[in-house]
Protein chains: 2
Amino acid sequence: MSEVPAARLVIVTDSPARSPKAEQTRQAIIDAAMGLFRIRGYDKATMRAIADEAGVSIGNAYYYFSSKEHLIQAYYDGINAEHAAAAAPALENATTFADRLTGVLLAWVDVAEPYHEFAGKFFKNAAEPSSPLSPFSTESETTRLAAIDLHRRVVEGSDIKLAKALRAELPELLWLVQMGVVLFWVHDSSEGQQRTRALVQQAVPIIDRALRLTRLPGVRGLVDDVIGLIRAIKP
Amino acid sequence: MSEVPAARLVIVTDSPARSPKAEQTRQAIIDAAMGLFRIRGYDKATMRAIADEAGVSIGNAYYYFSSKEHLIQAYYDGINAEHAAAAAPALENATTFADRLTGVLLAWVDVAEPYHEFAGKFFKNAAEPSSPLSPFSTESETTRLAAIDLHRRVVEGSDIKLAKALRAELPELLWLVQMGVVLFWVHDSSEGQQRTRALVQQAVPIIDRALRLTRLPGVRGLVDDVIGLIRAIKP
DNA sequence: GTCTATAGTGGGATAGAC
DNA sequence: GTCTATCCCACTATAGAC
């Protein structure tokens with residue numbers, strides 16, 4: 001259940017341009033950090049210990065990651081890349097909207113599971129608006145757009161029929177749903193995060209039904225207003 | 001616009017039992033902290049500076065507040081008390097559901113405004129499950145229940161007609177809406193948080209309409225499922 | 001460009017005397 | 001309840017090796 005994924009996280013940030021050797025060092029630091037985060041927790045995994053474990057000097061660790069938080073950012077990027085990979089089967093095989101969305105959301109829970117224990121520390125920093133780690137920040141725009149794109153594929157490959165305007169906003173709305181799942185997941189201390197999985201499995205059919213109801217005559221006007229509001233508040 | 005409220009915040013936590021002298025010291029620390037937070041920002045308002053400003057030693061400051069974050073919690077409690085007071089006129093005078101909800105939500109924005117700049121610091125606690133400051137934690141249950149109670153009064157004093165089960169869950173749902181508003185507000189850098197105010201004013205009528213639609217035949221079954229889900233995931 | 005070693009700063013938090 | 005002294009750690013600075 002709580003195994004580290006066999007494959008290494010392959011990180012895709014754009015910090016210092018890579019030589020093979022540099023890449024190796026960089027990866028060693030990330031591996032050491034992730035290992036220590038899991039064993040000791042975020043606070044007790046000191047930069048000294050991480051550098052030590054990776055077999056480099058503190059100075060060198062800071063050469064690659066300008067703060068302890070940036071180390072987390074690397075981890076965050078890794079989860080996103082893994083998520084895209086883990087979601088691929090669902091996006092290839094499932095045809096109904098509900099199955100596709102469930103597949104993508106559960107894939108995230110699977111991918112994130114090994115890091116659940118210290119994830120709180122990470123999301124804590126992410127929740128602060130001034131932090132570059134915030135999912136709403138410009139710094140994490142690339143990551144965010146990639147995640148939204150995943151949900152664009154959920155919608156586009158599905159059978160669902162919706163008003164054009166709603167369909168256009170839906171990927172972003174589903175990304176917000178995913179953020180909600182993450183918030184729930186962070187607080188979920190059940191074995192293997194079973195409660196989060198149950199939430200996804202029960203919530204998705206409801207979302208699916210709600211979306212189909214938007215074509216109902218009495219509801220359509222309301223949906224237009226919601227769309228209008230969304231567009232008004234987007235920066 | 002950004003004035004500190006003239007009246008001192010009277011804090012209602014339950015940390016060390018009060019002697020008059022203790023109360024005085026405690027309040028001096030809070031006053032110093034709030035002043036420095038606003039002038040220098042959270043990070044630069046060091047515990048040393050706060051203790052200094054309050055005329056006590058660092059050790060003494062930690063005697064009253066076991067961490068810098070707990071200093072913020074005291075603050076948070078103060079905002080909630082102020083919010084209840086500021087919401088009272090709306091709860092006494094407004095009769096429609098929409099007006100009552102708008103009044104309560106805008107009262108929060110008014111009360112919180114002077115501290116918008118460093119508010120992000122305490123908001124990030126929401127995301128960290130292990131923190132006693134999390135709005136979902138058992139430690140902040142009293143505060144949370146008081147806030148939910150405010151929304152219970154929004155519902156009870158209003159003209160809205162809803163299915164019994166939905167009506168029972170509504171105060172908690174409205175509290176979640178308020179958390180959403182807080183999330184938006186924290187990221188809102190517009191002058192006087194005008195965008196948040198606009199959001200509230202546009203979103204409330206939509207919520208109002210959506211709630212009234214729940215009595216529609218095609219929608220009723222969906223609402224029952226949502227209620228079922230909510231009850232299933234509540235711990 | 002990659003890396004080491006080391007010395008130093010500042011601030012959150014604590015121990016223990018009074 | 002209050003203080004002083006101290007610890008620990010993130011982070012910086014620097015000087016230089018390969």
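Numbered from 1 within each chain, the chains take letters A, B, ... in sequence-line order. On a predicted model such as this, the values are computed, not experimentally measured, just so you know.
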Heavy-atom check, side chain of B/E113 versus side chain of B/R197, under 4.5 Å: yes
Point-to-point distance, once rounded to the nearest 0.5 Å, from CG of A/L150 to CD1 of A/I148: 11.0 Å
Could you list all N or O pairs between the protein and nucleotides 12-14 of chain C that sit under 3.5 Å apart?
residue, atom, partner, partner atom, Å
C/dG12, OP1, B/K68, NZ, 2.8
C/dG12, OP2, B/M47, N, 2.8
C/dG12, N7, B/R48, NH1, 2.9
C/dG12, O6, B/R48, NH2, 2.9
C/dA13, OP2, B/Y62, OH, 3.3
C/dA13, OP2, B/K68, N, 3.0

Close side-chain approach of A/I29 to A/T25, heavy-atom, < 4.5 Å: yes
Residue-phosphate contact under 4.0 Å: B/T25 side-chain N/O, D/dT2 OP1/OP2: yes
Phosphate contact (C/dT4 OP1 or OP2) by A/N60 side-chain N/O below 4.0 Å: yes
Ring geometry between A/F37 and A/Y42 (parallel below 30°, tilted from 30 to 60°, perpendicular above 60°): tilted
Phosphate OP1/OP2 of C/dG10: any B/K44 side-chain N/O under 4.0 Å: no
B/V109 side chain near B/L105 side chain, heavy-atom distance below 4.5 Å: no
Rounded distance in Å - OH (A/Y63) to P (D/dT12): 16 Å
For A/F136, ring-ring contact (aromatic ring centres under 6.0 Å, His included) partners two or more places apart: A/W175, B/H187
